[in-house]
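Report on the structure given below.
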Amino acid sequence: MHGQPVARAMALLQLGITVRVARVVSARRVPATGYRYAEPATQGTMHSTHGRVLGKVCLGAVAGMSLSHGRVSAKTLIMSVFSPQGCLVVYLWAGQFKATLQGLMAADLTALLAGLLILFMGREAVLNGRHIRLPFVFCLIYGILVGSLLLSSTYTIAPIDPVKIKLFRLVVVDGLAVMATLFLVTDTEKMKTFMRAQIVIGLVLSLRTIVGAAPGQFHLRGVGGSSYISGGRAISLALGVSIGMLGLGTVPEQAVALMLVMGLLIMSARGPLIASFMSLVAFMLYRSRRLKRPSISALAGLLVGVYVVRRLYAQGYFYTIGRRLALTAGVEDTSLAARVHFARAAEDMFLQKPALGWGLASFPFFAGTVSTEGTPHNLALELLCEVGIMGFVPLVLMMIIAAYRFFVSRKEIPLAVSDGSMYAFVFWAATIPALDLRDARAFFSFLAMINAVFTHGPRNGQPRSHTRIRV
């Protein structure tokens with residue numbers, strides 16, 4: 001009986017001390033940004049309602065997006081496209097521009113960019129040949145993947161023509177992208193240039209999509225007649241990298257993000273849209289641990305953006321994506337039904353030949369697809385059914401090594417690079433269930449960039465995760 005008042009008094013004293021400590025901690029400011037650190041969890045927060053927890057998460061997310069890593073001028077963004085790293089970004093998404101430039105250029109755009117990349121790589125080898133150290137482990141695993149593709153072409157059930165086309169695309173075209181990444185993106189400054197060029201490419205695709213929009217009409221077509229799914233991935237990647245590197249603290253940054261969101265919605269690619277949403281949620285939670293106080297300008301920008309999107313939706317600009325999402329929720333989605341059928345066919349192929357698969361480009365002839373370039377629309381299933389475990393294991397190892405090197409060195413690199421890489425990694429991981437091997441060029445290039453920039457090694461007793469690369 002007498003112990004209850006004493007216990008209550010001790011509890012009140014403990015709560016008062018905790019609140020006082022929390023206020024002192026929250027009063028400290030980050031020297032570089034001026035934002036407050038997040039308060040440590042207390043016993044009282046464990047008993048808060050779900051609404052308060054959700055509110056804190058939302059405020060923390062807005063605060064995270066409010067973080068800016070320094071102003072980037074429009075000139076810096078535009079000039080990044082004309083750098084060797086910018087040439088690499090354009091090469092990765094060359095398919096989005098080939099249809100538009102087909103009548104204006106005599107040469108193939110991909111071949112032209114490939115020649116420029118080879119020249120840039122030769123220049124880098126001549127000027128900095130002594131300092132180039134390729135990540136041996138990544139190159140070895142990627143070489144095993146390429147070797148498995150070559151080996152599978154010897155026993156495939158597919159005709160020779162589609163096999164040669166797919167093999168040339170994967171080994172030569174995608175291989176050049178990987179090697180160019182290892183040569184041209186070797187430190188965090190070059191990685192920043194690469195990401196800025198990605199933002200510019202996403203803005204260009206968004207602008208062209210917005211200009212060509214047809215309100216109130218069902219429209220599934222990429223920029224210039226190219227793949228709308230690949231274009232959606234480019235815009236989604238640019239959106240996350242923009243928020244990660246630039247933030248939403250100023251009006252120009254908010255305008256860039258809003259333009260990318262509009263382009264993504266009008267492009268109407270469900271897979272990239274869902275992957276982008278999942279990546280943004282994970283990215284906001286990742287950032288909310290560092291900051292607590294949200295920026296009023298970022299919050300106002302988000303509200304204005306939501307209002308603009310709602311007004312455009314009311315005018316029919318997002319009719320296509322609304323219709324497709326409604327079909328997904330119902331039973332009339334023939335595209336989703338076809339993907340389920342393809343996934344089951346790929347699973348049957350893998351179960352029959354799990355070790356080596358049926359051979360390169362064999363899926364459309366086993367599943368009976370209309371096109372000879374048909375795929376299961378799933379990178380993992382495509383490797384398992386055509387190349388088997390022999391080709392699937394290298395992909396898993398490359399992702400594990402890239403994740404390890406990023407999370408080990410993320411605190412030692414600039415926040416702009418860390419946040420942009422964090423979003424890109426989650427986005428590509430979420431994209432794998434809807435990614436084709438023929439469209440994985442940018443994905444393999446990203447894995448190569450992570451290994452090139454974030455590779456650790458001793459140098460004068462200091463980690464050098466963002467200097468030169470070496471294993």
Side-chain angles (χ1 to χ4, degrees), residues 95 141-175 220 222 226-230 232-233 269-272 274-275 324 327-328 331-399 428-444:
I141 298 175
Y142 184 75
I144 294 175
L145 175 62
V146 173
S148 65
L149 296 174
L150 291 171
L151 179 62
S152 68
S153 65
T154 61
Y155 57 83
T156 180
I157 64 173
I160 187 62
D161 289 338
V163 173
K164 289 192 300 184
I165 294 174
K166 191 169 185 177
L167 197 62
F168 176 80
R169 183 186 295 122
L170 297 177
V171 176
V172 178
V173 181
D174 295 359
L220 275 181
S226 59
S227 170
Y228 70 96
I229 298 179
S230 180
R233 292 193 187 107
R270 289 178 296 183
I274 295 173
R324 301 196 74 202
L327 289 176
T328 304
V331 295
E332 302 178 359
D333 192 352
T334 56
S335 175
L336 183 60
R339 289 174 182 259
V340 172
H341 170 71
F342 293 156
R344 291 175 178 173
E347 183 182 357
D348 292 340
M349 293 177 65
F350 168 69
L351 293 177
Q352 294 182 31
K353 294 184 178 181
L356 301 178
W358 288 76
L360 193 66
S362 60
F363 174 80
F365 301 94
F366 183 94
T369 61
V370 177
S371 173
T372 57
E373 296 186 359
T375 66
H377 298 290
N378 186 307
L379 181 60
L381 288 178
E382 186 175 359
L383 285 174
L384 285 172
C385 72
E386 293 189 352
V387 196
I389 299 176
M390 175 183 63
F392 178 71
V393 171
L395 173 66
V396 176
L397 291 178
M398 285 192 295
M399 292 191 63
W428 282 119
T431 303
I432 287 179
L435 184 64
D436 298 332
L437 191 57
R438 63 185 177 186
D439 296 329
R441 187 186 312 167
F443 172 58
F444 288 128

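Quick note: numbers below take in every heavy atom, side chains included, and nothing from hydrogens, waters or symmetry partners.
- A distance of 10.0 Å separates OH in Y228 from CZ in R233, rounded to the nearest 0.5 Å.
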Chi angles and distances behind the side-chain contact (heavy atoms from CB on, under 4.5 Å) call for F443, L379 = CA-CA 11 Å; F443 172 58; L379 181 60; 3.9 Å; yes

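- Interatomic distance, CG of L381 versus CZ of F363, reported as 8.5 Å (0.5 Å rounding).
- The line from CZ of R441 to CZ of R169 is 8.0 Å long, rounded to the nearest 0.5 Å.
- The minimum heavy-atom distance between S153 and V163, with the atom names listed, is CB-CG1, 3.8 Å.
- To the nearest 0.5 angstrom, L437 atom CG is 7.5 Å from E386 atom CD.
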query = L360 and L167: side-chain contact (heavy atoms from CB on, under 4.5 Å), yes or no, with the steps?
reply = CA-CA 8 Å; L360 193 66; L167 197 62; 3.5 Å; yes

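- Taking CD1 of I229 as the start and OG1 of T431 as the end, the distance is 11.5 Å to the nearest 0.5 Å.
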inquiry  = Set out, in order, the CA-CA distance, both residues' side-chain angles and the distance that settles side-chain contact (heavy atoms from CB on, under 4.5 Å) for F350 and F392, then state yes or no.
reply    = CA-CA 11 Å; F350 168 69; F392 178 71; over 6 Å; no

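- When all heavy atoms are compared, the tightest approach of P162 to F365 is CG-CZ, 4.0 Å.
- Scanning all heavy atoms of the two residues, the minimum distance from A361 to A158 falls at O-CB, 3.2 Å.
- In plain terms, the two heavy atoms of W428 and A442 that are nearest each other are CZ2-CB, 3.6 Å.
- We find that E382 and R438 are not joined by a salt bridge, their nearest charged nitrogen and carboxylate oxygen being 4.0 Å or further apart.
- Side chains of D436 and T375: a donor-acceptor N/O pair is present below 3.5 angstrom, by distance only.
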inquiry  = Pair M398, F444 - check side-chain contact (heavy atoms from CB on, under 4.5 Å), show working.
reply    = CA-CA 9 Å; M398 285 192 295; F444 288 128; 3.8 Å; yes

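- Atoms CG and OG1, from L356 and T154 in turn, are 9.0 Å apart once rounded to the nearest 0.5 Å.
- Of the possible polar contacts, one joining the S152 side chain to the L149 backbone as a donor-acceptor pair under 3.5 Å is found.
- With contacts defined as side-chain heavy-atom distances shorter than 4.5 Å, the pair L435/H377 does not qualify.
- Ring geometry for F366 against W358 counts as tilted: the plane angle lies between 30° and 60°, on a 0 to 90° scale.
- With M349 as reference, C385 is the one residue of P376, P354, C385 to meet the side-chain contact (heavy atoms from CB on, under 4.5 Å) rule.
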